[in-house]
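Because the structure is a prediction, the values reported are computed rather than measured.
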Amino acid sequence: MAKNEGQIVIKKYANRRLYNTGTSTYVTLDDLAEMVKKGEEFTVQDAKSGEDITHSVLTQIIFEQESKTGNTLLPISFLRQLIGYYGDQMQMVVPSFLEHSMRAFTEQQTQMREQINRAFGETPLGKNLQLPIQMVEEQVRRNTEMFQQAMQMFSPFMKPPAKESRKAEAKDIDELKEQLRAMQSKLDSL
């Protein structure tokens with residue numbers, strides 16, 4: 001594939017068509033989404049001006065994925081919070097925080113897969129356990145709390161969560177801890 005400094009170049013034409021200069025073929029947003037999932041690096045350039053429009057095309061892919069699958073990754077509360085940061089003094093901090101959080105989440109996901117494979121190998125039991133889901137949910141909760149705490153440090157006037165909400169979260173955390181202990185006991189007995 002023809003690459004520009006190690007990356008595939010996709011040209012976007014005025015008629016909205018996307019052209020992969022590496023394969024000399026037209027591609028769709030779904031094709032670009034698959035390239036992202038495979039870890040292929042690419043940049044998207046406006047065919048006329050040469051401007052890098054990768055960000056807007058990736059955002060468009062997310063929008064289409066969110067609207068067509070019915071299985072959204074971005075909860076409404078998160079979208080509202082994200083929109084609230086546009087134009088805010090925190091706008092500069094949010095991208096690096098989100099990038100760091102996603103990198104940490106990916107690393108932890110890899111570690112969980114390795115631990116499950118070490119414990120159960122490639123057995124159906126190892127592939128179908130609820131433990132990975134619970135671990136991911138716990139990590140998401142921790143990342144969300146960390147994000148909220150970081151935002152409160154920079155915006156001390158934000159309203160803290162209601163007392164009832166904190167009690168419910170504490171109860172959920174205790175339940176998750178108990179579930180993890182039970183799963184650990186099961187793992188240890190195997």
Original post:
Taking side chain as C-beta onward, heavy atoms only, is Lys12 less than 4.5 Å from Asp46?
Top reply: no
Original post:
If two hydrophobic side chains count as joined below 4.5 Å and joins carry through other members, does Phe97 share a cluster with Met102?
Top reply: no
**OP:** Provide the closest heavy-atom pair for Leu73 versus Glu66 in the form atom of the first, atom of the second, distance.
**Re:** N-OE2, 2.8 Å
Subject >> Exercise: do Asp30 and Thr28 side chains pair donor with acceptor under 3.5 Å >> reply: no
Subject >> Cluster overlap Val27 with Tyr19, hydrophobic side-chain contacts below 4.5 Å >> reply: no
Original post:
Got a donor-acceptor contact below 3.5 angstrom from the Thr21 side chain to the Ile10 backbone?
Top reply: no
Original post:
Does one hydrophobic cluster hold both Ile61 and Tyr26, with members joined at side-chain heavy-atom distances below 4.5 Å?
Top reply: no
Subject >> Approximate separation, where rounding is to 0.5 Å, of Leu18 CG and Asp31 CG >> reply: 9.0 Å
Original post:
Looking at Tyr85 and Val94, what are the two nearest heavy atoms and their distance?
Top reply: CG-CG2, 3.8 Å
Subject >> Leu32 versus Phe42, closest heavy-atom pair with distance >> reply: O-CE2, 3.8 Å
Subject >> For the student: nearest non-hydrogen atoms of Ala33 and Gln65, plus distance >> reply: CB-NE2, 4.3 Å
Subject >> Leu98/Leu82 under side-chain contact (heavy atoms from CB on, under 4.5 Å): CA gap, chis, key distance, verdict >> reply: CA-CA 10 Å; Leu98 292 175; Leu82 195 58; 4.0 Å; yes
Original post:
Which is it for Arg103 and Glu99 under the salt bridge (Lys or Arg N to Asp or Glu O under 4.0 Å) test, yes or no, and what are the steps along the way?
Top reply: CA-CA 6 Å; Arg103 189 177 313 115; Glu99 187 175 1; 3.5 Å; yes
Original post:
Are Ile62 and Leu74 close enough that some pair of their side-chain heavy atoms sits under 4.5 Å apart?
Top reply: yes
**OP:** Work out which heavy atom in Asn20 is nearest to a heavy atom in Ile8; give both atom names and the distance.
**Re:** OD1-CG2, 3.4 Å
Original post:
How far does OH of Tyr13 sit from CD of Gln45, to the nearest 0.5 angstrom?
Top reply: 10.0 Å
**OP:** May I ask whether Phe63 and Val57 are part of the same hydrophobic cluster, defined by side-chain heavy atoms of I, L, V, M, F, W, Y residues being less than 4.5 angstrom apart, directly or through others?
**Re:** no
